[in-house]
There are 2 protein chains.
Amino acid sequence: MSRTLAKPAYSNEEKQLATFAKAMGHPVRIQILKLLNDQACCYTGDLTESIPLAQSTISQHLKVLKEAGLIQGEILPPKVKYCLNQDNWQVARRLFTGLFGVAFIEGASQTCNSDG
Amino acid sequence: MSRTLAKPAYSNEEKQLATFAKAMGHPVRIQILKLLNDQACCYTGDLTESIPLAQSTISQHLKVLKEAGLIQGEILPPKVKYCLNQDNWQVARRLFTGLFGVAFIEGASQTCNSDG
DNA sequence: TTTATTTATCGCCAATTTACGATAAACTCG
DNA sequence: CGAGTTTATCGTAAATTGGCGATAAATAAA
């Protein structure tokens, strides 16, 4: 008997975390996020100069990050300036550090003993 | 003139972070990781009972997490017990908290002013 | 209005992902 | 050996992703 009838129900946290993680699941996008985290904001053009990918490809990656809520674009004709979405960036920080148990990893001795 | 000749070169950190993030980019896999982080270890069978997805699908997700190095499986016939890969879990924790700037976010007033 | 600049979107294609059922593999027990 | 249990793998199909060039859209400047 298969148990595939009910659609899996995920908590909002799980969904949000997965959305953030998925958006971060490409080295170029990590690179972009690091850049925005380090040096405030930047233009699409700056990225196309420093990253050897087609302009359209970089635009796509920016779209992915924007749709995940991690960055936001301020339109400053004829350019567009991208920055981290600070609110969501903090949400992401909280969710990830929560998952990894940052700040209360001390007595966390988790062994994999065979007690089953 | 297109600048698409050189293949993009990513740092090991960026690649590793993206690999971890990608593996975490699905709510079921977040769920599994949370479970393993909370209650030590568990068997594939436990997951198939609590998650309404086909057994083969869950096995696939476990494979993704294992290949990313986030979990490991101990074969305990006829079952297989999965745990977090603690070493890599700590690596992931370090990389993510590093990216989010955990512990030194105090004077980080990053505004998005138009100085360009 | 035309031209130049910058960015987003479209169409396309190859590769990957996600899900499933069916089946194989490994091991235990009778 | 044969049957039962548990998990992984295979085959398949639909959807998504990642890359590109070409083109559209928006705006400034001439």
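All chains are named by letter (A, B, ...) in the order of the sequence lines, taking the proteins before the strands, and each is independently numbered beginning at 1.
Of all the heavy atoms in B:A23 and B:L65, the pair that sits closest is O-CD2, 3.8 Å. Scanning all heavy atoms of the two residues, the minimum distance from A:N85 to A:G69 falls at CB-O, 3.1 Å. The two residues B:D46 and B:C42 come nearest to each other via the heavy atoms OD2-CB, 3.8 Å. The two residues B:L99 and A:N37 make their nearest non-hydrogen contact at O-ND2, 2.9 Å.
Between B:Y82 and D:dT6, a side-chain N or O to OP1/OP2 separation shorter than 4.0 Å is absent. Listed pair A:H61 / D:dT17 fails the phosphate criterion, with no side-chain N or O lying under 4.0 Å from OP1 or OP2. Put simply, A:T48 has no side-chain N or O that comes within less than 4.0 Å of OP1 or OP2 on C:dT7. The phosphate of C:dA19 (OP1 or OP2) has no side-chain N or O of B:T57 nearer than 4.0 angstrom.
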Sort me out a list of protein N/O and nucleotides 24-30 of chain C N/O pairs below 3.5 Å, or just none if empty.
none

Show me the protein contacts with nucleotides 15-17 of chain C, counting only N or O atoms at under 3.5 Å.
| residue | atom | partner | partner atom | Å |
| --- | --- | --- | --- | --- |
| C:dT17 | OP1 | B:K22 | NZ | 3.1 |

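A straight line from CD of B:Q55 to C1' of C:dA19 spans 13 Å, rounded to a whole angstrom. As rounded to whole Å, 14 Å separates atom C1' of D:dT5 from atom OH of B:Y43. Atom-to-atom, CD1 of B:I51 to P of C:dC20 comes out at 12 Å; the value is rounded to the nearest Å. If you measure from atom CG of A:L47 to atom P of C:dT6, you get 14 Å, rounded to the nearest angstrom. Note: CG (B:D46) to C1' (D:dT5) measures 14 Å, nearest angstrom. Taking atom NZ of residue A:K63 and atom C1' of nucleotide C:dT7, one finds them 13 Å apart after rounding to whole Å. Between the P atom of D:dG21 and the CD atom of A:Q60 lies a distance of 14 Å, rounded to the nearest Å. Rounded to an integer number of Å, the gap from B:Y10 OH to D:dG18 C1' is 10 Å.
Rounded to the nearest 0.5 angstrom, A:L62 CG and A:L36 CG are separated by 8.0 Å. Atom CD1 of B:I51 and atom CG of B:L35 lie 7.0 Å apart (nearest 0.5 Å).
With distances taken from any side-chain atom of B:L62 to the nucleotides C:dA19, D:dA8, D:dC20, the minimum falls on D:dA8. Comparing D:dC20, C:dT7, D:dT7 by their closest approach to the side chain of A:K79 singles out C:dT7.
Contact of the A:K34 side chain with the A:I30 side chain is registered, since non-hydrogen atoms from C-beta on lie closer than 4.5 Å.
Using a 4.0 Å heavy-atom distance criterion, B:S59 is classed as a base contact.
Aromatic ring orientation, A:H26 versus B:Y10: perpendicular (interplanar angle above 60°, classes split at 30° and 60°).
Hydrophobic clustering (side-chain heavy atoms under 4.5 Å, transitive across Ile, Leu, Val, Met, Phe, Trp, Tyr) keeps B:I32 apart from B:V64.
A donor-acceptor contact shorter than 3.5 Å is absent between the side chain of A:S59 and the backbone of A:Q55.
Residue whose closest nucleotide on DNA chain C sits further toward the 5' end, between B:G25 and A:S56: A:S56.
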